[in-house]
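Have a look at the structure below before the remarks.
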Amino acid sequence: MCGIVGAVAQRNVVPILIEGLKRLEYRGYDSAGVAVIDKGRCIARTRSVGKVRELEARLDVGLAGGTGIAHTRWATHGRPATENAHPHICRKTVALVHNGIIENHEALRRAQMQLGYEFTSETDTEVIVHEIYRRLAETGDLLQAVRAALGSLRGAYALGVITNQEPDRLVAARRGSPLVIGIGIGEHFIASDVAALLPVTQRFMFLEEGDVADITREAVTIYNAEGEQVERPIKQSEMSADAVARGEYRHYMLKEIHEQPRAIADTLENRIGLHNVYEEAFGHTAAVIFAQIEAVQIVACGTSYHAGLVGRYWLEGLAGLPCAVEVASEFRYRKPRLAPNTLFVTLSQSGETADTLAALAYARQLGLAHTLSICNAPESSLVRASELVLMTQAGPEIGVASTKAFTTQLVALLLLVAVLGRHRGLGPAGEAQLVNLLRSLPTQIEQVLALDAAVQAWVPYFANKQHALFLGRGTQYPVAMEGALKLKEISYIHAEAYPAGELKHGPLALVDSDMPVVAVAPNNELLEKLHSNLQEVRARGGELFVFADGANGIREDAQTHVITVPPTDDLLAPIIYTVLLQLLAYHVAVSKGADIDQPRNLAKSVTVE
Ligand code: F6R
């Protein structure tokens, strides 16, 4: 989604803005732009379609200034085009960058056109810059102008605004889209997330909903939605500037796949004892709340939703709790009937997914008192809005295709199963067994990562195919869904996942030699049934690619390729087998020359509905 960077400093901020944009590239975008107040007190701007490096190549050598804003745009209103890229400027006086969606832009546009404002883009954003200009002309004060203009907007925004009338001032605002302020020495910054500013500061203030910030080199003054001056605490980030470097890896996605043993070990650290899970890891009120819980509702999007689907098998099967799972964009518009003692669990890597945030707000409105967020971004909106929080310690995930966030979410869900199950008869022995298994997980993942070459050897069977089918049963069904999502989003091969037992109810009609069928087959009680399903594929001339536990008797033949996976407990199998599906998607996409870390049309942080 759109990314914002801004700065007020003594030095030329253009290199800071460009570096910041590069660090936001992972969010997904199609055009970029930068504007500064130059030496002659004029707003100078460069914009371009495509990557930040293309913007950089177009920058005028002389472009320099101590106050500036920059943006990566992910098209919503108006196609990807230079004239739609931000910053938008009104009458050479006000420049603005925006992340979010203005719902009443059409009405504002009509009114502004009648007042003689000229529109140069198809965006919803342009009405904001005109609205601010109009108020600036009345008040002569940028802060007042922004606050007045915000009163006429409906929708979501994070904004950065500058004017050549007050060249040392930057005004920022947040409602519904993330924005942080970076605190330097004699200089200040804004950005959509912390990662953008790590080369210049590790100290941050996080704006709250409705906040407006008046930022100069010397000071940051924040006003809340009611217009009262408020203090927001300064927090020290533990992320280092090179935490997001790609290192020896060709792509972030590959790096992040290989980081999973470490990410999982970090997620377990300080959360488990010798034989038990620490309930306090979820928050100091967790023990009291968990004792009252009688059902669980999980809500998430995309890959995080798939983690929730696996979690349902565990919560019902091990913790003995009724559990429902739903995608956030559906949940938020339904009229669900939820028991009062339901724990509402949101899963999210970014903690900024608009639908998930809205679903959480809706759950509150429906009267659910107890909320838990399992999230990878500390200080994200979701974390701040949830009663209980369990952070996945995956570290920054830059590749748009989620990998380590997913497997650490599964680990977090197992921790939840342990603490909720404890109140419902999982028993100390069951909990101790679960903890032991979790402890062995990082080493087990190292072992499957060593199967990388075998996975790569399958690439030629997929690279020229248009479609692929993924099969699994039980907890492996959502794993198959995740494998199919990974393949489609980065290699652009159409991929569908089915519970293997459903094949004969329709999808079998698609099976022929042009449709590779991937199956995940750990050694569990559904194996016999899966065997028959695979037989159904073979009988129709389908070619099978099976990740199988060595003990389960699936043999290679002319139609069946098998990668033997080291034996693992059924409980850990969804995590182990997912890693192999991630590698398969990655290598197929690389062979097709795809843009692995920034697939077309996708954004890392989906901050609009
Ligand atoms: C797919 C992917 C997306 C995200 C989804 C939710 O690889 O990354 O499907 O899982 O956009 O994002 P978060 O987890 O940040 O809420």
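Note that ligands are numbered from 1 as they come in the structure, with each ligand's atoms numbered from 1 the same way. Owing to the predicted nature of the structure, the values given are computational and were not obtained by experimental measurement.
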Whether Lys486 lies under 4.0 Å from ligand 1, heavy atom:
yes
Measure from the side-chain N and O atoms of Thr353 to the backbone N and O of Asp355, and report whether any donor-acceptor pair falls under 3.5 Å.
no
Are Thr403 and ligand 1 in contact, using a heavy-atom cut-off of under 4.0 Å?
no
Give the table of side-chain donor-acceptor pairs shorter than 3.5 Å for residues 460-468, with sequence neighbours excluded, one pair per line with atom names and distance.
unit_1	atom_1	unit_2	atom_2	d
His467	ND1	His494	ND1	2.8

Quick check: does Leu485 get an N/O under 3.5 Å from an N/O on ligand 1?
no
Among all the protein's non-hydrogen atoms, which is closest to atom 12 (O) of ligand 1, and how far away is it?
Thr353 OG1, 3.5 Å
Which residue and non-hydrogen atom of the protein lie closest to atom 7 (O) of ligand 1, and at what distance in Å?
Glu489 OE2, 2.5 Å
Within this structure, what is the OG1-CG distance for the pair Thr403 and Leu581, rounded to the nearest 0.5 Å?
13.0 Å
Nitrogen or oxygen atoms of Thr303 and ligand 1 under 3.5 Å apart:
yes
Decide whether an N or O pair under 3.5 Å exists between Ser402 and ligand 1.
yes
Sequence-distant partners of His587, side-chain hydrogen bond (donor to acceptor under 3.5 Å, both in side chains), two or more places apart:
Asp452
Side-chain donor or acceptor of Lys488 paired with backbone N/O of Glu496 under 3.5 Å:
no
Ignoring hydrogens and geometry, is there a side-chain-to-backbone donor-acceptor pair from Thr475 to Val310 under 3.5 Å?
no
